[in-house]
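A short worksheet on the structure shown next.
The analysis underlying the following values was restricted to heavy atoms, covering all of them including side chains, and did not include hydrogens, waters or symmetry mates.
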Amino acid sequence: MKQLTIVGAGWAGLAAAVAATQAGWHVQLFEASNIAGGRARSLQQSFAGKPLDNGQHVLIGAYSNTLALMRTVGLKPDELLKRIPLDLRFADGQGLSLPNWPLPLNMLAGLSRAQGWNLKDKASLMQAAWGWHRARFECDLTWTVEQLCNASRLSPRVMTQLIEPLCLSALNTPLNHASAKVFLRVLHDALLGGLGSSDLLVPRVDLGELLPNVCAEWLSTRGTDIHLGTRVSAAQVSALQHAASADSAVLLACPPWEAARLAADIAPKWALSCAELTHTAIATVYLHCKDVGFNGLARPMMALHSHAQAPAQFVFDKGALSEQHGLLAAVVSACTIERDDVTELVHEQVCKQLGLVNVEVVQTVVEKRATLACIPMLDRPEPFVAQGLWACGDFICGPYPSTLEGAVRSGQQVVTQISQVTHR
């Protein structure tokens with residue numbers, strides 16, 4: 001039986017392990033942490049008897065590979081994820097909300113009732129969307145999202161209330177630095193992926209239960225040797241790589257900085273390309289509202305007016321989502337503020353914009369290297385590292401930004417590539 005050794009049990013490593021198991025490989029899975037999930041995992045801290053996460057994650061309906069993986073290991077995405085037609089409205093009612101209708105009817109209906117938008121705003125978005133569609137969602141490879149919007153003549157309000165929050169949530173990179181090409185790819189899949197592809201899928205359970213825990217159990221029952229709390233050394237990777245053959249391979253499914261460390265002596269140039277990648281942070285501020293009569297927000301997810309002194313873009317009602325009543329999770333994408341400062345600013349922002357008074361900070365989680373900085377012409381490493389040694393993850397070359405879907409696709413695709421090579 002062919003042997004695949006995987007280093008890292010994040011979403012990419014788990015996806016690769018499942019794909020390899022289905023293809024008839026025996027898998028050994030090593031993870032330095034005591035829990036699986038990587039940068040999308042549950043924490044030891046809890047609220048109302050349920051774990052907090054290392055950040056509030058959102059999927060979209062177009063994440064077909066991730067949803068299929070969940071079903072493969074016996075999960076039911078429709079029960080674990082709350083499906084919300086794209087809704088980027090603020091507490092004051094402004095913003096865009098799309099009904100669950102086919103394109104372009106959903107866009108027309110959403111625009112017709114978008115509060116706070118004048119005819120110029122609505123027309124600019126329709127013209128831009130039509131232009132992107134005619135161009136097959138392609139653009140100059142060097143453009144930022146800001147340059148794309150300027151070239152498309154989008155109104156300032158549409159850029160502020162729609163494009164900016166979409167860009168930050170999808171690419172975790174500010175408009176003036178984010179890749180327009182990658183942004184258009186995400187829009188293409190969301191808008192043209194069929195009914196429901198643009199829906200927001202918000203977890204009803206903690207991230208561990210959303211996939212990693214059940215995935216690890218599925219793998220274990222099918223013969224995978226899972227070693228949690230086990231850090232693999234560069235010497236061990238080198239020895240495995242030297243011993244690799246047509247019947248064995250090694251897969252680095254760890255973060256880029258860790259992959260760079262493990263591959264430094266084997267493939268110095270590849271390792272350097274990993275080490276030189278830049279990353280952006282995501283902060284999640286968990287707040288407990290104790291206002292008398294507070295029964296949750298008007299919607300499970302609400303947009304927040306964001307600026308330098310009010311950095312959060314979205315707030316989630318964990319009571320409506322996961323029965324953690326009174327708990328709110330405010331998210332700051334592309335966070336550049338220190339932990340204490342972001343906590344104070346977000347606390348004030350949420351209270352002011354949502355009209356809340358008695359709100360306590362529960363926990364602030366800052367994932368400093370949450371995602372790649374998704375800039376134009378980003379040179380991402382290839383999955384092939386050296387003979388017998390491969391890599392996968394949301395940082396590996398591919399069309400998607402650093403998202404769960406990007407990680408899952410990378411893990412699945414690299415197994416196909418390894419299999420093709422070993423079959424020769």
Side-chain angles (χ1 to χ4, degrees), residues 11-12 15 39-40 55 57-66 86 88 125 128-129 131-152 154 158-159 162-193 197-201 255-256 273-274 276-282 313-314 331 333-335 367 369-383 391-414:
W11 288 52
R39 283 166 286 157
H57 287 70
V58 178
L59 291 74
I60 62 172
Y63 284 3
S64 56
N65 290 48
T66 302
L86 185 64
L88 301 179
L125 179 57
W132 298 339
H133 186 271
R134 283 191 304 167
R136 297 184 179 181
F137 290 87
E138 297 287 346
C139 69
D140 190 314
L141 298 181
T142 65
W143 276 7
T144 64
V145 174
E146 184 176 63
Q147 289 174 309
L148 172 70
C149 292
N150 290 335
S152 303
L154 278 171
V158 172
M159 289 180 64
L162 178 63
I163 302 300
E164 185 172 19
L166 281 179
C167 178
L168 286 169
S169 60
L171 276 62
N172 195 34
T173 308
L175 287 179
N176 59 338
H177 294 293
S179 166
K181 176 179 174 59
V182 177
F183 180 69
L184 285 176
R185 171 57 190 262
V186 175
L187 280 185
H188 172 273
D189 287 3
L191 295 177
L192 300 181
S197 59
S198 64
D199 290 351
L200 303 174
L201 308 179
S273 70
C274 291
E276 290 181 337
L277 294 171
T278 56
H279 301 79
T280 49
I282 298 177
Q313 294 91 24
F314 296 99
V331 179
S333 295
C335 182
E367 192 74 30
R369 294 186 286 190
T371 70
L372 291 181
C374 192
I375 58 176
M377 305 291 289
L378 179 62
D379 187 15
R380 294 160 67 172
E382 295 290 336
C392 67
D394 61 5
F395 67 97
I396 292 296
C397 184
Y400 265 77
S402 293
T403 58
L404 296 178
E405 177 74 359
V408 168
R409 289 193 181 200
S410 177
Q412 294 170 336
Q413 290 168 359
V414 76

Where do Cys139 and Leu184 land on the side-chain contact (heavy atoms from CB on, under 4.5 Å) test, with the steps shown first? CA-CA 8 Å; Cys139 69; Leu184 285 176; 3.8 Å; yes
Heavy-atom closest contact ([X] atom, [Y] atom, distance):
{"X": "Ala334", "Y": "Leu168", "result": "CB-CD2, 3.8 Å"}
{"X": "Arg409", "Y": "Ala62", "result": "NH2-O, 4.2 Å"}
{"X": "Trp132", "Y": "Leu148", "result": "NE1-CD1, 3.6 Å"}
{"X": "Ala40", "Y": "Leu404", "result": "CB-CD2, 3.7 Å"}
{"X": "Cys167", "Y": "Thr173", "result": "SG-O, 3.4 Å"}

Between Gln313 and Ser333, is there a donor-acceptor pair closer than 3.5 Å when you use the side chain of the first and the backbone of the second?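 Answer holds: yes.
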Under 4.5 Å between any side-chain heavy atoms of Pro381 and Leu277, yes or no?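 They are in side-chain contact.
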Measure the shortest side-chain to side-chain distance between His188 and Ser197 over non-hydrogen atoms and say whether it is less than 4.5 angstrom.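 No, every pair of side-chain atoms sits at 4.5 Å or beyond.
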Name the atoms and distances for all side-chain donor-acceptor pairs under 3.5 Å in residues 392-402, with sequence neighbours left out.
residue : atom : partner : partner atom : Å
Asp394  : OD1  : Arg39   : NH2          : 3.2
Tyr400  : OH   : Asp189  : OD2          : 2.4
Ser402  : OG   : Leu372  : N            : 3.1

For residues 166-180, which residue pairs qualify under salt bridge (charged side-chain N to carboxylate O under 4.0 Å, His left out), counting only residues two or more places apart or in two chains?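 Sorted pair list comes back empty.
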Mind jotting down which residue pairs meet the salt bridge (charged side-chain N to carboxylate O under 4.0 Å, His left out) criterion with at least one end in residues 136-145? Sequence neighbours excluded, please.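 Residue pairs passing salt bridge (charged side-chain N to carboxylate O under 4.0 Å, His left out), neighbours aside: Glu138-Lys181.
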Which value, rounded to the nearest 0.5 Å, describes the distance between [X] atom [atom1] and [Y] atom [atom2]?
{"X": "Asn172", "Y": "Glu367", "atom1": "CG", "atom2": "CD", "value": "10.5 Å"}
{"X": "Leu171", "Y": "Thr280", "atom1": "CG", "atom2": "OG1", "value": "9.0 Å"}
{"X": "Ser179", "Y": "Arg185", "atom1": "OG", "atom2": "CZ", "value": "12.0 Å"}
{"X": "Asn150", "Y": "Thr144", "atom1": "CG", "atom2": "OG1", "value": "7.5 Å"}

Sequence neighbours left out, what passes side chain to side chain donor-acceptor pair (under 3.5 Å) with [X]? Give chain and number order.
{"X": "Trp143", "answer": "none"}
{"X": "Ser198", "answer": "none"}
{"X": "Thr66", "answer": "Glu405"}
{"X": "Thr403", "answer": "none"}

Ring pair (Phe, Tyr, Trp, His ring centres under 6.0 Å) against [X], all qualifying residues, sequence neighbours excluded:
{"X": "His279", "value": "Trp257"}
{"X": "Phe314", "value": "none"}
{"X": "His57", "value": "none"}

I'd like to check the salt bridge (charged side-chain N to carboxylate O under 4.0 Å, His left out) partners of Glu164; sequence neighbours left out, ordered by chain and number.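 Residues passing salt bridge (charged side-chain N to carboxylate O under 4.0 Å, His left out) with Glu164: none at all.
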Using the rule given for side-chain contact (heavy atoms from CB on, under 4.5 Å), can you reason through Ile60 versus Leu200, listing the C-alpha separation, both sets of side-chain angles and the distance that settles it, and then say yes or no? CA-CA 5 Å; Ile60 62 172; Leu200 303 174; 4.1 Å; yes
Contacts of type side chain to side chain contact (heavy atoms under 4.5 Å, CB included), residue Val158, not counting sequence neighbours: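 Partners of Val158 under the side chain to side chain contact (heavy atoms under 4.5 Å, CB included) test: Trp117, Asp121, Ser124, Leu125, Leu154, Ser155, Leu162, Ile163.
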Just checking Asn176: does its CG atom have more than 12 heavy atoms from other residues, nucleotides or ligands closer to it than 6.0 angstrom?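 Yes, because the 6.0 Å sphere around CG of Asn176 holds more than 12 heavy atoms from other groups.
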